[in-house]
Amino acid sequence: MFGQLLPTRDIEQDGGMTPRERGRVVYSTGAGRMCPGCGWPAQNCTCSTRTANAPVPVRVVAKLRIEKAGRGGKTVSVVYDLPRNAAFLKDLAQDLKRACGTGGTVLEDRIELQGDLRDRIRERLLQKGFGVKG
């Protein structure tokens with residue numbers, strides 16, 4: 001009983017799925033975030049790093065919103081639709097965090113700051129010469 005192999009399922013039973021689709025990682029504590037485009041861990045993803053250093057346009061238009069969903073009731077101000085340039089986003093986030101006196105983080109093309117700080121963020125972005133919506 002212990003040395004016997006169990007029969008494998010045919011592709012027809014799997015609904016025509018490729019081996020890559022059948023073996024996709026759904027959740028893992030070891031890999032962290034997974035890229036939705038290619039399925040690789042976000043740190044090793046090549047599809048998202050292609051535009052990580054996009055040029056910064058002359059006229060930057062930032063959009064503002066607040067979010068509460070999925071954050072345990074905490075309010076977060078989000079500046080989004082920014083150029084995907086890592087150095088630009090890091091400098092801008094550091095400047096906004098200092099101006100608002102709060103913590104925050106940089107994600108792909110947006111900056112998240114803790115609290116409802118839309119007025120302060122709007123003022124600081126306008127001082128820097130950015131267009132602001134929201």
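Source: prediction; values computed, not measured.
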S.K.: Roughly how far, to the nearest 0.5 Å, is the CD1 atom of Ile121 from the CG atom of Leu126?
M.R.: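 So the gap between those two atoms works out to 12.0 Å.
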S.K.: Nearest 0.5 Å, what's the CZ-CZ distance between Arg124 and Arg98?
M.R.: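 Separation between the atoms: 9.5 Å.
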S.K.: I'd like to check Asp81 versus Val61 (side-chain heavy atoms, cut-off strictly below 4.5 Å). Are they in contact?
M.R.: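 When only atoms from C-beta onward are counted, Val61 and Asp81 do not touch, as no gap falls below 4.5 Å.
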S.K.: Less than 4.5 Å apart, side chain to side chain, heavy atoms only: is that true for Leu89 and Leu107?
M.R.: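 Not touching, per the 4.5 Å side-chain cut-off.
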S.K.: Are Val76 and Val132 in one and the same hydrophobic cluster, where Ile, Leu, Val, Met, Phe, Trp and Tyr link if side-chain heavy atoms are under 4.5 Å apart?
M.R.: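 Val76 and Val132: separate clusters.
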S.K.: Quick one: CG on Leu82 to CD on Glu108, what's the gap to the nearest 0.5 Å?
M.R.: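 If we round to the nearest 0.5 Å, Leu82:CG and Glu108:CD are 12.5 Å apart.
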S.K.: Using a 6.0 Å cut-off, check whether atom CZ of Arg122 has over 12 heavy atoms from anything other than its own residue.
M.R.: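 Atom CZ in Arg122 is crowded, with more than 12 foreign heavy atoms closer than 6.0 Å.
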S.K.: With side chains defined as the heavy atoms from C-beta onward, is the minimum distance between Leu125 and Leu96 less than 4.5 Å?
M.R.: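 Yes. Closest side-chain heavy atoms under 4.5 Å.
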S.K.: Using every non-hydrogen atom in the two residues, find where Val106 and Lys90 come nearest and quote the distance to one decimal.
M.R.: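 Looking at all heavy atoms of both residues, the shortest contact is CG2-CA, 4.3 Å.
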S.K.: Would you compute the distance between atom CD1 of Ile66 and atom CG of Asp116 and round it to the nearest 0.5 angstrom?
M.R.: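 It comes to 4.5 Å.
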S.K.: Of all the heavy-atom pairs spanning Phe130 and Arg59, show the shortest one and how long it is.
M.R.: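 Distance-wise, the nearest heavy atoms are C-NH1, 3.9 Å.
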S.K.: Using 4.0 Å as the upper bound for N to carboxylate O, is an ion pair formed by Arg71 and Glu112?
M.R.: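 Yes, Glu112 and Arg71 are salt-bridged.
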S.K.: May I ask you to decide if Val78's main-chain N or O and Arg110's side chain share a donor-acceptor pair within less than 3.5 Å?
M.R.: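 A pair under 3.5 Å: no.
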S.K.: Distance from Leu117 atom CG to Lys97 atom NZ, nearest 0.5 Å?
M.R.: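 Rounded to the nearest 0.5 Å, the CG-NZ separation comes to 13.0 Å.
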S.K.: Do Asp95 and Lys128 have side chains that get closer than 4.5 Å, going by heavy atoms?
M.R.: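 When only atoms from C-beta onward are counted, Lys128 and Asp95 do touch, with a gap below 4.5 Å.
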S.K.: Would you say the side chain of Leu64 lies within less than 4.5 Å of the side chain of Ser77, judging by non-hydrogen atoms?
M.R.: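 No; the side chains remain at least 4.5 Å from each other.
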